[in-house]
Amino acid sequence: MKLWGGRFEKPTDKLVEAYTASIPFDWRLYPYDIAGSIAHCRMLGRRGIIPPDEAEQIVQALQEIRHELDMLVAEGAPAPDPALEDVHTMIEARLREKVGDLAGKLHTARSRNDQVALDERLYLREAIAGVAEQALKLQGVLLDLAAQHVDTIMPGYTHLQRAQPVTLGHHLLAYFEMLDRDLARLRDCFGRVNVLPLGAGALAGVPFPIDRQMVAQELGFESVVANSIDAVADRDFLLEFHAAAAIIMVHLSRLAEEIVLWSSAEFGFLELDDAFATGSSIMPQKKNPDPAELARGKTGRVIGHLIALLTTMKGLPLAYNRDMQEDKEGLFDTVETVRRTLEIMAGMLATATFKPERMAAAAAGGFSTATDVADYLVRKGVPFREAHAIAGAIVRRCIARGITLEDLPLEEFREFSPLFEEDVLEAATARASVASRISEGGTAPERVREALAQARARYAASLDFWSALARRVRV
Ligand code: ARG
């Protein structure tokens with residue numbers, strides 16, 4: 001079936017039909033397409049643009065179609081016919097089977113151009129809620145782990161070289177904060193998604209007394225897109241989501257990389273649960289962190305989808321262009337990928353076994369308290385630059401003797417400066433180093449406890465916000 005055969009003398013070439021069809025992937029927009037059509041049709045009836053009883057018949061048939069399609073999908077077999085072109089055609093064709101020519105009235109005062117923009121916005125509202133739900137789950141795991149490891153000492157790194165001791169709790173809360181900003185970006189993006197494009201028609205508006213506010217209210221949109229050309233031409237609401245999703249994946253890829261490193265024998269900071277690791281077909285001893293590697297790897301395709309859509313949109317003249325049909329596969333893939341990656345990271349972290357002894361040994365072993373030795377002298381009035389040089393010379397001595405800073409006896413410290421006293425031995429320990437970092441946002445356990453309490457309060461508010469939003473956007 002075609003929605004536009006009238007002015008054509010010949011049938012479409014099969015190649016063209018297959019090349020231009022979006023039904024193989026956009027069928028999954030059907031719940032949103034139907035919800036949008038029902039709201040549109042009710043408005044047409046209430047405004048007397050079509051007779052109210054006819055509107056009611058169409059609405060009922062659309063509700064039946066929704067149910068039929070839900071059943072088909074539940075059986076795992078949507079298998080739409082490519083000749084149906086797109087999801088809008090598929091649903092209108094089925095409507096025609098149910099109500100006959102009356103089906104033709106549904107498309108009054110509407111174009112597929114504003115229709116598809118509406119479908120995508122309805123879809124994305126739910127998708128954002130779904131991504132947020134998984135991000136919150138991961139945040140919950142991070143909070144629990146951080147609470148268990150407020151006092152667990154590990155080396156902090158810069159340049160992947162041991163830098164200064166931190167606590168594992170502090171390190172994990174860094175990821176909590178990243179996800180918190182990710183959620184804020186999603187929330188911000190949601191505000192611009194949640195605007196009704198319908199009523200733009202093809203691009204110029206429609207010559208019927210429609211009520212866009214009524215449709216917006218029925219579908220839970222905050223407002224309507226102000227300009228009809230913009231409503232059908234723009235996809236920046238998708239670009240924003242892709243950007244937010246890509247940033248989430250970049251954050252997850254860093255966490256994934258740390259899991260890969262930490263689960264290696266060289267680090268030994270954690271062991272993944274057997275259920276969250278895989279083996280090798282040749283090397284019997286292997287336990288590989290494949291889920292973490294794939295999280296890192298899948299980041300590439302999510303970034304790719306952002307770049308692909310930016311490139312598709314670049315230089316397109318107003319208003320709708322068929323190029324924009326290319327916005328869908330990447331979107332669906334990104335939504336799936338981000339949701340599943342957040343989920344797997346939560347499961348992987350929640351079941352991993354951390355190795356505090358290994359972390360403590362690594363923190364003690366790498367001169368990571370050299371800054372503390374310098375700061376010790378600073379507190380005794382030595383300019384920081386000079387103190388830095390003295391501490392550096394002490395490290396050189398330790399390296400030459402094959403010992404750590406914690407092993408160096410007081411007499412040897414004093415060879416470098418008479419200002420060193422007994423208490424330097426304590427100051428050079430990782431535990432004292434961590435305890436001393438009491439500045440706001442620092443790694444001292446007392447600060448981390450405060451940060452944790454504050455994070456928990458934000459988290460509770462965020463959970464409330466997102467669960468209310470999820471209820472509101474379900475079609
Ligand atoms: N399948 C199309 C898309 O996804 C729907 C809009 C088609 N509009 C048109 N005038 N050809 O963009």
Side-chain angles (χ1 to χ4, degrees), residues 1-8 11-37 40 62 65 69 78-96 103-104 106-127 193 196-207 225 228-239 241-242 305 308-335 475:
M1 167 183 150
K2 292 226 163 19
L3 301 178
W4 41 266
R7 65 101 65 219
F8 289 79
T12 317
D13 191 291
K14 286 286 166 217
L15 276 176
V16 174
E17 208 166 78
Y19 191 69
T20 57
S22 53
I23 190 71
F25 47 88
D26 73 6
W27 63 266
R28 59 177 86 209
L29 291 175
Y30 78 85
Y32 315 98
D33 196 76
I34 291 173
S37 286
H40 177 66
L62 285 168
I65 295 171
L69 287 168
D81 176 359
L84 285 175
E85 189 172 335
D86 57 24
V87 63
H88 325 298
T89 312
M90 172 180 83
I91 289 163
E92 195 173 317
R94 183 70 188 119
L95 186 63
R96 186 167 294 275
L106 172 61
H107 212 52
T108 310
R110 188 174 74 170
S111 155
R112 278 185 296 166
N113 298 348
D114 55 350
Q115 190 179 356
V116 73
L118 172 63
D119 290 8
E120 290 185 310
R121 285 172 187 266
L122 288 169
Y123 163 81
L124 190 53
R125 290 194 320 186
E126 264 189 40
V193 171
L196 177 85
L198 204 73
L203 78 164
V206 300
V225 180
S228 65
I229 298 176
D230 183 41
V232 292
D234 196 72
R235 291 291 181 271
D236 65 19
F237 65 99
L238 293 181
L239 289 170
F241 172 73
H242 276 288
H305 294 319
L309 186 59
L310 283 167
T311 313
T312 297
M313 295 309 294
K314 176 186 172 296
L316 279 188
L318 303 185
Y320 176 81
N321 300 273
R322 193 62 180 269
D323 314 44
M324 288 154 64
Q325 180 169 291
E326 285 293 307
D327 62 1
K328 291 177 196 60
E329 286 155 291
L331 176 64
F332 298 149
D333 187 59
T334 283
V335 168
V475 301

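Keep in mind that this is a model prediction, so the values were computed, not measured. Every number for a ligand or one of its atoms is a count from 1 in the order of the listing. Hydrogens, waters and symmetry mates are skipped; everything else that's a heavy atom, side chains included, is used.
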### Task
Give yes or no for whether the N/O distance cutoff of 3.5 Å, strictly under, is met between S22 and ligand 1.
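Yes: some nitrogen or oxygen of S22 is under 3.5 Å from one in ligand 1.
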### Task
Consider every N or O of Y320 and every N or O of ligand 1, then say whether any pair is closer than 3.5 Å.
yes
### Task
Determine, stepwise, if the pair T334 / F241 fulfils side-chain contact (heavy atoms from CB on, under 4.5 Å).
CA-CA 9 Å; T334 283; F241 172 73; 4.0 Å; yes
### Task
Note the single closest protein heavy atom to atom 10 (N) of ligand 1, along with its residue, its atom name and the distance in Å.
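Answer for atom 10 (N) of ligand 1: N113 OD1, 3.2 Å.
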#### Entry: Test log, rule side-chain contact (heavy atoms from CB on, under 4.5 Å), inputs V475 and I34
CA-CA 9 Å; V475 301; I34 291 173; over 6 Å; no
### Message
Applying side-chain contact (heavy atoms from CB on, under 4.5 Å) to I23 and T89, what does each step give before you reach the verdict?
### Response
CA-CA 9 Å; I23 190 71; T89 312; over 6 Å; no
Using a 4.0 Å heavy-atom threshold (strictly under), name the region of [X] that reaches ligand 1: side chain, backbone, both or neither.
{"X": "H88", "value": "side chain"}
{"X": "D327", "value": "neither"}
{"X": "K328", "value": "side chain"}

### Message
Check this for me: E17, atom CD, are more than 12 non-hydrogen atoms of other residues, nucleotides or ligands nearer than 6.0 Å?
### Response
yes
### Query
Considering the options F237, Y30, F332, which one meets the ring pair (Phe, Tyr, Trp, His ring centres under 6.0 Å) requirement together with Y123?
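Only one of F237, Y30, F332 forms a ring pair (Phe, Tyr, Trp, His ring centres under 6.0 Å) with Y123, namely F332.
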#### Entry: Those atoms of ligand 1 less than 4.0 Å from some heavy atom in Q325
1 (N), 2 (C), 3 (C), 4 (O), 12 (O)
#### Entry: Passing option when R121 is tested against L196, V193, V116 for side-chain contact (heavy atoms from CB on, under 4.5 Å)
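The option that passes is V193.
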